[in-house]
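The structure appears right after this line, and notes come after that.
Below, chains carry the letters A, B, ... as their sequence lines are ordered, and counting in each starts from 1. Model, not experiment: these values are computed from the prediction.
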Protein chains: 2
Amino acid sequence: MNNDGPDFGLRALRAFHAIVKTGSVTAAATAMGLTQPAVSRLLAQFEQTIGFDLFYRDKGRLVPTPDGLLLFDEADLALGTMERVRALARDIADFQVGQLRLVAPPSFAEGVLPDVIDRFLSRFPKVHLTIDSRSVETSKTLIATRAVDGGFLKLPLDRPDLTSVPVANSGTVCVLPIGHPLAARSWLDPLSLKGVPLVLLGLGRLSRSHIDAAFARAGVRPEVRVETHTIGSACALATRGIGVAIVNEMLARSYLGNRLLMRPFRPDLRHEYAFVTSAMVAPPRLALEFLSDAKHYFAQQPKDVLDETAGSPV
Amino acid sequence: MNNDGPDFGLRALRAFHAIVKTGSVTAAATAMGLTQPAVSRLLAQFEQTIGFDLFYRDKGRLVPTPDGLLLFDEADLALGTMERVRALARDIADFQVGQLRLVAPPSFAEGVLPDVIDRFLSRFPKVHLTIDSRSVETSKTLIATRAVDGGFLKLPLDRPDLTSVPVANSGTVCVLPIGHPLAARSWLDPLSLKGVPLVLLGLGRLSRSHIDAAFARAGVRPEVRVETHTIGSACALATRGIGVAIVNEMLARSYLGNRLLMRPFRPDLRHEYAFVTSAMVAPPRLALEFLSDAKHYFAQQPKDVLDETAGSPV
DNA sequence: ATCGGTCCATAAGAAAAGTGTATGGCCGTA
DNA sequence: TACGGCCATACACTTTTCTTATGGACCGAT
């Protein structure tokens, strides 16, 4: 590196600065939280290092030399920027600055995340938060490559380069408009849905195959009226009476409005979501903080509509 | 002072900076002239001080975290300004920057100083040099109050707040045009100057009273044709045959040209000049350097015209 | 003039920080 | 599997830096 020129410590420069500012070694010492001899030595050593006197010793008092004043201006600047480094380090440590990039499924981002985000941002107002919605595979790649800091994905995960922490566990419900004949039942199963127009989503996704399997086991052919891809649209269709939507309960709640209601679907198909980060390295601290908020949020959410309506049908 | 925030050393910051720049602890260590464990420790300690990780430990390699990169930019700046402080300190030590303000009598500044200045400035090209000519009293005050760093004054000095170092010792000569009748003599005294038109200077100054006293002792009334105030003008008058000038020999040399010559004046009235600084504090280093050049200059000047023409008259 | 207070410098021992050598773990590659 | 590069830790040693104690110089006041 640059090895020319005198090499002095930060403390020495600070001592010099403080002496000029306060006008005496003693005052500088108290200002720095040191004893007077310590500062005296610091100064003496600093002067010896740079090779010229910073102060006249005038009857025991220190008076800056022209050289000293010349150096002081520059030292003032340098200490200022050092102070900025310290301040920045503190801010980073306190999450006063920073950036967090996450991915989450659209329904997750629309439904449950806003509350978590609200809490998170109130804790870290200065943090820049980004939440994208991508396809599942893209999300996994983004997380694994650390193009984003983390994200919410549905379990199970098939990739070893991802680390997951389960945060939410939801059942499956049927969403139907108020007044629908089946609304009288406290729960629904494939048999009870025989011939009933359905709105299903996620053709090709794992959760969808579970539904299909449940119907198959019951010997019922599902009357799929519409295939869609977001819970929001499925609920919108259900609202208009186009069909009964069979969806993730937790995510459906946000879209119920006042014209829809839920009834548990049986068998109990579970949807488990996890906060996922790259397995390569430790997740960013902000990601952990966000995860903490997410856990907190889910911890105080009603577990399941099944719990609320536990009991026998009608 | 500001005691909040993490306090880390310059070495730690430099180590962090070097690691990011070189990409590895090992490379940073060689760049800093340290061993790898030393830098490793420095980094570990730095991270502990600021409270968050600067690098991912990815399979044994260090990869900067976003936080680390954030801090790096600021650290880069700070180290840059620290480098500027070091450079300035070095320049000050090497007299690559600085200012020297002196005072000197006009004839001094015109006659002998240019050579000294030449030498001084060739040694310290970047130094800003100021030389003023003021009245003797003003000069003393300027020096004593350190409004200027030093100056050349004629001895003796009557003030205890000034420190003087004799640098030049000159005799008194008569300056007369070539072909003047008295040029035949190898020296002149009041008696030989009886009735000869004279050009004298410094009415009221100490040296003038010495000349008057010499004439008085010889019982000769000086035939003063012109009173003037600078040696330059006295010589100019002498050139035109207006009168014989009795002046400081050393200072007169610069004004002789090719139409004047000097003859020692007897009695031998000495003019002693000293480099004067404030007695309150040590003189600035640049003043001492200038003094050194002045001494060097006078050391290789012919001592006195008396020495050259030592011998008997005619 | 002497005394008390202030200020700076130095000495000496103690505490802290920094450094080098040695060593071990981890990973990628031959 | 062995080797080489990289990082972290352990331990002993050196250097720096701190505090306490002390002395000298100066100023103002009694």
Nearest whole angstrom, please: distance from the [atom2] of [N] to the [atom1] of [X].
| X | N | atom1 | atom2 | answer |
| --- | --- | --- | --- | --- |
| B/Leu10 | D/dT16 | CG | P | 16 Å |
| B/Gln48 | D/dA8 | CD | P | 14 Å |
| A/Asp7 | D/dT16 | CG | C1' | 13 Å |
| A/Arg14 | D/dT17 | CZ | P | 13 Å |
| B/Leu62 | C/dC27 | CG | P | 14 Å |
| B/Leu42 | D/dC7 | CG | C1' | 15 Å |
| B/Phe46 | C/dA17 | CZ | C1' | 16 Å |
| A/Arg41 | C/dG13 | CZ | P | 14 Å |

Applying a 4.0 Å non-hydrogen cut-off, can you work out what [X] is touching in the nucleic acid: base, sugar-phosphate, or nothing?
| X | result |
| --- | --- |
| B/Ala38 | sugar-phosphate |
| A/Thr35 | base |
| A/Ser40 | base |

Between B/Asp67 and A/Arg285, does any NZ, NE, NH1 or NH2 come within less than 4.0 Å of an OD or OE carboxylate oxygen?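 A salt bridge is present here (some side-chain N lies under 4.0 Å from a carboxylate O).
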Q.
Suppose we call a contact any N or O donor and acceptor under 3.5 Å apart; does that hold for the side chain of A/Gln36 and the base of C/dA9?
A.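 Yes, a donor-acceptor pair under 3.5 Å.
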For this session: May I ask you to decide if the ring planes of B/Phe16 and B/Phe46 are parallel, tilted or perpendicular, using 30° and 60° as cut-offs?
Result: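 Tilted, since the angle between the ring planes falls between 30° and 60°.
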message = Angle between ring planes, A/Tyr273 versus A/Phe108, binned at 30° and 60°: parallel, tilted or perpendicular?
response =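 A/Tyr273 vs A/Phe108 ring planes: tilted.
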Check your understanding: A/Leu291 versus A/Lys295: any side-chain heavy-atom pair under 4.5 Å?
Key ->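 Heavy-atom side-chain distance check passes, below 4.5 Å.
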Task: Out of C/dC8, D/dT19, D/dT17, whichever nucleotide has its closest atom nearest the side chain of A/Arg11 - done: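 Minimum distance to the A/Arg11 side chain belongs to D/dT17.
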Please pick, from D/dT19, D/dT9, C/dC8, the nucleotide with the shortest atom-to-atom distance to any side-chain atom of A/Leu34.
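Selected nucleotide (nearest to the side chain): D/dT19.
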Query raised in the report: Would one find a side-chain N or O of B/Arg61 under 4.0 angstrom from OP1 or OP2 of C/dC27?
Result: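 Answer is no, no contact under 4.0 Å.
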- Ignoring backbone atoms, establish whether B/Gln45 has a side-chain N or O less than 4.0 Å from OP1 or OP2 of C/dA17.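 No, because none of the side-chain N or O atoms of B/Gln45 sits under 4.0 Å from OP1 or OP2 of C/dA17.
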- Message: B/Asn169 vs B/His271, test: side-chain contact (heavy atoms from CB on, under 4.5 Å). Steps then yes/no.
- Response: CA-CA 6 Å; B/Asn169 194 321; B/His271 304 262; over 6 Å; no
